[in-house]
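Note sheet for the following structure.
Every chain is numbered from 1, with letters handed out A, B, ... down the list of sequences.
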2 protein chains.
Amino acid sequence: MVIVDDHPIVISGISGLLSDLDTVEIVEKMQSGVTLLDYIINNKVDLILMDIFLPVMTGIDLCKKIKQKYPQIIIIGMSSQSERSLVMQFIQNGGNGYILKSASFEEFKRCIYKAIYGEIVFSDEVKTIISQPLSEDLEQVPSLSRREKDIAVLLSKGKSTQEIADELFLSFLTVQTHRRNILQKYKMKNVAELMTHLLKNNLLN
Amino acid sequence: MVIVDDHPIVISGISGLLSDLDTVEIVEKMQSGVTLLDYIINNKVDLILMDIFLPVMTGIDLCKKIKQKYPQIIIIGMSSQSERSLVMQFIQNGGNGYILKSASFEEFKRCIYKAIYGEIVFSDEVKTIISQPLSEDLEQVPSLSRREKDIAVLLSKGKSTQEIADELFLSFLTVQTHRRNILQKYKMKNVAELMTHLLKNNLLN
DNA sequence: TTTATTCTACCTGATATCAGGTAAAAAGAA
DNA sequence: TTCTTTTTACCTGATATCAGGTAGAATAAA
């Protein structure tokens with residue numbers, strides 16, 4: 001098993017917790033996604049426990065990339081907060097489970113055990129969150145294009161359409177179009193709602 | 001020393017890390033601020049290491065409360081992300097230091113050691129963040145009144161001025177005034193910028 | 001009780017956003 | 001190369017925001 005987290009303390013916490021599990025052996029601990037990608041090329045990995053808020057590449061992208069090449073590797077995601085759509089995204093991209101860092105030791109152990117046997121596992125708190133508002137089957141989470149992201153970032157800084165146009169050397173009308181497309185993509189009414197959504201789901205940066 | 005964090009793994013990680021420090025003895029580990037407040041009434045505490053994103057009461061409020069009654073207790077804050085103003089707020093409310101969870105073991109130890117001897121300590125990454133844009137002495141962080149917070153929350157959900165007025169049984173014009181006051185308080189241009197600021201600094205909820 | 005803050009409310013006008021539709025280059029993927 | 005997505009751009013009109021000022025009533029603090 002490989003643990004990926006950019007917080008050394010969390011890594012040491014988890015390894016301490018898992019030291020008495022005889023079925024699981026911690027092979028490697030690392031702090032970034034790129035390191036992990038390098039590692040799995042040369043080594044056999046059964047299970048990965050990863051934070052989804054990682055520098056450079058998000059855990060969701062990382063999971064997707066790994067599963068494309070190595071679908072047999074079991075990947076469990078972790079995070080402190082749990083936004084419903086974030087969890088859904090992770091599972092959609094091949095994740096085998098999701099644990100909140102506030103989960104108890106017992107929950108951690110239970111989840112890891114079950115995941116090994118092929119189950120899709122969630123820690124208790126995650127369960128309640130994803131089970132309640134079962135709106136649409138699996139809500140698809142659209143992603144922003146490069147340009148759209150540029151504009152979204154500038155919007156988050158309070159820039160007006162005109163200011164963004166000036167900054168990116170675009171027509172006012174072009175920015176207006178992008179802006180509208182972004183809102184439509186996420187079905188948001190206005191930028192305020194959009195910002196909340198993007199920030200809570202860590203879709204900027 | 002008391003560790004307060006709502007993530008069991010983080011607690012175990014830190015206690016593992018500190019087990020070889022002979023000057024520091026971990027007395028208690030707890031997951032919430034209210035538990036801590038109860039504890040310090042009946043027990044002598046020298047040092048507290050606390051996550052600032054805690055359920056119910058935020059670490060900043062908790063720190064303030066403790067320092068008012070027990071100014072001699074040394075309190076170090078922790079978090080995963082580090083927003084400049086968040087750190088400043090913590091220090092303004094009496095915090096003796098701030099460590100990012102991505103800090104190395106050595107940094108952790110160094111910070112805790114120095115804090116004991118009365119220094120205000122920051123982990124390396126925090127240092128760079130708070131040192132760069134030294135804009136205004138100690139930027140004061142205004143807080144929202146009850147009503148303003150209500151409105152800010154509704155704004156974050158994408159509600160328009162009219163919708164908020166209807167929901168809170170207020171005049172359209174009243175909401176407009178509150179809205180303007182909120183923007184002025186934080187010197188923000190529009191709600192988009194406001195939302196980013198409020199969310200990044202965890203000022204909603 | 002006096003003072004300060006918060007909440008409430010109104011007026012005006014300039015500017016910006018939002019929503020609808022359309023469409024031609026440009027870039028990436030199949 | 002063909003097809004799809006992305007990026008660019010324009011038009012119109014209704015609605016909303018933002019910024020300025022003012023001010024009484026209700027709470028909370030001193």
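- Listed candidates were dG28(C), dT17(C), dT17(D). Nearest to the side chain of Arg146(A) is dG28(C).
- Proximity of Ile14(B) to Met78(B): side-chain heavy atoms (C-beta onward) are separated by under 4.5 Å at one or more points.
- The side chain of Thr161(A) contributes an N or O atom lying less than 4.0 Å from OP1 or OP2 of dT17(C).
- With contacts defined as side-chain heavy-atom distances shorter than 4.5 Å, the pair His178(B)/Leu155(B) does not qualify.
- Taking a pair as Watson-Crick or G-U wobble with both distances under 3.5 Å, the runs of three or more consecutive pairs in DNA chain C are C:2-29 with D:2-29.
- If you measure from atom CG of Leu194(B) to atom P of dT17(C), you get 15 Å, rounded to the nearest angstrom.
- In this structure, Thr174(A) reaches the bases: a heavy-atom distance under 4.0 Å links it to at least one base atom across the strands shown.
- Checking the phosphate oxygens (OP1, OP2) of dT7(D), no side-chain nitrogen or oxygen of His178(A) falls inside 4.0 Å.
- When each of dA9(C), dA19(C), dC7(C) is scored by its nearest atom to the side-chain atoms of Leu183(A), the top-ranked nucleotide is dA19(C).
- If you check every strand for non-hydrogen atoms under 4.0 Å, Arg180(B) touches a base.
- Rounded to an integer number of Å, the gap from CD of Glu193(A) to C1' of dT17(C) is 15 Å.
- Comparing atom distances between the Ser145(A) side chain and each of dT6(D), dG20(C), dG20(D) picks out dT6(D) as nearest.
- When heavy atoms are screened at a 4.0 angstrom cut-off, Asn190(B) is found touching the sugar-phosphate backbone but no base atom.
- Atom CG in Leu168(A) sits roughly 11 Å away from atom P in dA9(D) (whole-Å rounding).
- Of the N and O atoms on the side chains of Asn93(B) and Gln89(B), not one donor lies less than 3.5 Å from an acceptor on the other residue.
- Counting only heavy atoms from C-beta on, Val191(B) has its side chain closest to dC18(D) among dC18(D), dA9(D), dA16(D).
- A salt bridge links Asp150(B) with Arg147(B): the closest approach of a Lys/Arg side-chain nitrogen to an acidic carboxylate oxygen falls below 4.0 angstrom.
- Comparing Leu173(B) and Glu148(B), the nucleotide of DNA chain C nearest to each residue sits closer to the 5' end for Glu148(B).
- Atom-to-atom, CG of Leu154(B) to C1' of dA16(D) comes out at 17 Å; the value is rounded to the nearest Å.
- Dashed line: the shortest gap from a side-chain N or O of Arg179(A) to OP1 or OP2 of dT17(C) is under 4.0 Å.
- Under the 4.0 Å criterion applied to side-chain N and carboxylate O atoms, Lys159(B) and Asp166(B) are not assigned as salt-bridge partners.
- Residues Pro8(B) and Phe108(A) fail the side-chain proximity criterion, which asks for heavy atoms closer than 4.5 Å.
- Relative to the side chain of Phe172(A), the nucleotides dT17(D), dT17(C), dA9(C) differ in distance, and dT17(C) lies closest.
- The side chain to side chain donor-acceptor pair (under 3.5 Å) test with Asn96(A) singles out one residue from Glu119(A), Lys67(A), Lys114(A), and that residue is Lys67(A).
- For Thr177(A) and dC10(D), the shortest distance from a side-chain N or O to OP1 or OP2 is not below 4.0 Å.
- Taking the six-membered ring where tryptophan is involved, the planes of Tyr98(B) and Phe90(B) are perpendicular, since the angle between them exceeds 60° and thus also 30°.
- Counting to the nearest Å, the P atom of dT17(C) and the CD1 atom of Ile151(A) are 12 Å from each other.
- Nucleotide dT6(D) holds its C1' atom 13 Å from the CG atom of Asp150(A), rounded to whole Å.
- As a whole-Å value, the separation of Asn181(B) CG from dA19(D) C1' is 12 Å.
- The CD-P distance, from Gln184(A) to dG20(C), rounds to 7 Å in whole Å.
- Base engagement by Gln176(B) is indicated by at least one non-hydrogen atom pair under 4.0 Å involving a base atom.
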